[in-house]
Number of protein chains: 2
Amino acid sequence: MDTLIDLAIQRLHTQGGRMTFQRRLILEALDCLGCHPTAEEVFAVVNQRDPSVNLSTIYRTLRWLEQEGLISARRFDESRRQERFDLVLPAEHHHFQCTTCKNVIEFDHPSIQVIKTQFAGVSGCQVQSASMMLYGLCPQCRQLRLAS
Amino acid sequence: MDTLIDLAIQRLHTQGGRMTFQRRLILEALDCLGCHPTAEEVFAVVNQRDPSVNLSTIYRTLRWLEQEGLISARRFDESRRQERFDLVLPAEHHHFQCTTCKNVIEFDHPSIQVIKTQFAGVSGCQVQSASMMLYGLCPQCRQLRLAS
DNA sequence: TTCCGTGCAAAATGTTTGCAAGTCG
DNA sequence: CGACTTGCAAACATTTTGCACGGAA
């Protein structure tokens, strides 16, 4: 099976890169954090295991992974400055964010493929990828709002 | 008819705000730039008419408009730092961006409503808005790529 | 005349870079 | 050995803020 770490090792080998202690920690942190951590969040986890790792190493590694197509930069909250890094491994997926608690739920929907195809047909564009965000209230926050 | 400027005036009146020279220039710049300008682009247009207007006034006004729901902040290119400001007036609309020339095409599609409704049904979330990005090659860049 | 809005400069934020020293193969 | 990586600190780009002054209502 191809975990993020396995894939990273493969890429490193084919391009003369090295699997360092720091990179391993960062990859493990990504795996453990799962969904969509910020660079700071990755840093916090890595830092706990080895406080000597520098934030710029986190950024360099995240950018490298992004360039390799293994993660992708995202911003759920458009006017937040901070990027989040989304593992692309599982498959193309989309996100709902609760406007109150900021929690994120992942989803997919067959119609997204239909939209891609039809837009391509109408516009003459070649569509390579799609990214959909829904915003609203999650069930919990909806309850709270109704109650008040 | 409700132009951006009319709406802004309404909001200002109901909250004791003032229509200043600077705000008028900024609103006119937004109208004239149309689609998705950056703060710098708005600044450039305003500056041409009155070089004494400060960039921080642009930001303050854009943030106020955002808060009023008259424009919304966006980032087409995820790892770009700069925000763009999208007029929300016309209607909910979505964007295709060419990964080569970075041009943006707006679109809408009925299935987006379907996705919103069905996701709400399955998840129990209340969906308030949606934002879809497609990425790929526009017809021109596609030609160029085929030719080479 | 009263606040609201502005210009200015300085701060803040999040990310990137240059470089010397360290390390992996 | 030699290229690839790192930590550090300084740079960077964009956006935000505090404050005293000026202007709309």
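Letters go in sequence order (proteins before strands), and every chain restarts at 1.
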Nearest heavy-atom neighbours spanning B/I115 and A/I115:
CD1-CD1, 3.9 Å
Pairing residues for B/F96 by the ring-ring contact (aromatic ring centres under 6.0 Å, His included) criterion, not counting sequence neighbours
A/F119
Does anything in residues 50-69 of chain A form a ring-ring contact (aromatic ring centres under 6.0 Å, His included)? List the pairs, not counting sequence neighbours.
none
For A/N103, which residues count as a side-chain contact (heavy atoms from CB on, under 4.5 Å) partner, sequence neighbours excluded?
A/C101
Proximity to DNA chain D (any heavy atom under 4.0 Å), residues of residues 11-21 of chain B only:
B/R18, B/M19
Grab the CZ-C1' distance between A/R75 and D/dT14 for me, whole Å please.
11 Å
Is there a side-chain contact between B/L27 and B/L65 in this structure, where contact means two heavy atoms from C-beta onward sitting under 4.5 Å apart?
yes
Do B/M132 and A/H94 have side chains that approach each other closer than 4.5 Å (heavy atoms only, starting at C-beta)?
no
Let me know the distance between CZ of A/R23 and C1' of C/dG25, rounded to the nearest Å.
14 Å
Gap between atoms CG and C1', on B/L62 and D/dT16 respectively (whole Å)
13 Å
Quick one: B/I9 CD1 to D/dA25 C1', roughly how many Å, whole number?
14 Å
Rounded off to whole Å, could you give me the CZ-to-C1' distance for the A/R63 and D/dT5 pair?
18 Å
Under 3.5 Å, which N/O atoms of the protein pair with N/O atoms of nucleotides 17-19 of chain D?
from	atom 1	to	atom 2	distance (Å)
D/dG18	O6	B/R60	NH1	3.3

May I ask you to test the B/S131-B/R74 pair for a side-chain heavy-atom distance under 4.5 Å?
yes
Does OP1 or OP2 of D/dC8 have a side-chain N or O of A/N54 closer than 4.0 Å?
yes
To the nearest angstrom, how far is A/L55 atom CG from C/dT15 atom P?
9 Å
Please give me every residue in residues 38-49 of chain A whose heavy atoms get under 4.0 Å of an atom in DNA chain D, ordered by residue number.
none
What I want to check is whether the side chains of B/D108 and B/H93 have a donor and an acceptor closer together than 3.5 Å.
no
Hey, is B/E92 close enough to B/K116 for a salt bridge, meaning N to O under 4.0 Å?
yes
Please tabulate, one pair per line, all N/O donor-acceptor pairs under 3.5 Å involving side-chain atoms of residues 12-19 of chain A, not counting sequence neighbours.
from	atom 1	to	atom 2	distance (Å)
A/T14	OG1	A/R11	O	3.1

Roughly how bent is the helix from C/dT1-D/dA25 to C/dG25-D/dC1 end to end, in steps of 10 degrees, with each end axis from five pairs?
30°
Residues that, via side-chain heavy atoms closer than 4.5 angstrom, fall in one hydrophobic cluster with B/V114
none
Rounded to whole angstrom units, what separation is found between the OH atom of A/Y59 and the C1' atom of D/dA9?
16 Å
Tracing side-chain links under 4.5 Å among I, L, V, M, F, W and Y, which residues wind up in one group with A/L144?
none
Tabulate below the donor-acceptor pairs under 3.5 Å that side-chain atoms of residues 44-51 of chain B make, not counting sequence neighbours, or state none.
from	atom 1	to	atom 2	distance (Å)
B/N47	ND2	B/P51	O	3.3
B/R49	NH2	B/E28	OE1	2.4
B/D50	OD1	B/S52	N	2.8
B/D50	OD1	B/S52	OG	2.8
B/D50	OD2	B/S52	OG	3.4

Does B/R81 get its side chain close enough to the base of D/dT14, under 3.5 Å, for a donor-acceptor pair?
no
Closest to the 5' end of DNA chain D, once A/T57 and B/Q82 are matched to their nearest nucleotides, is A/T57
May I have the distance from A/E83 (atom CD) to C/dT16 (atom P), rounded to whole angstrom?
6 Å
Would you say B/Q22 reaches C/dG7's phosphate, i.e. side-chain N/O to OP1/OP2 under 4.0 Å?
yes
Residue closer to the 5' end of DNA chain D, A/T61 versus B/R84 (nearest nucleotide)
A/T61
Which residues end up grouped with B/Y135 if you chain together Ile, Leu, Val, Met, Phe, Trp and Tyr wherever their side-chain heavy atoms are less than 4.5 Å apart?
B/F76, B/V104, B/M133
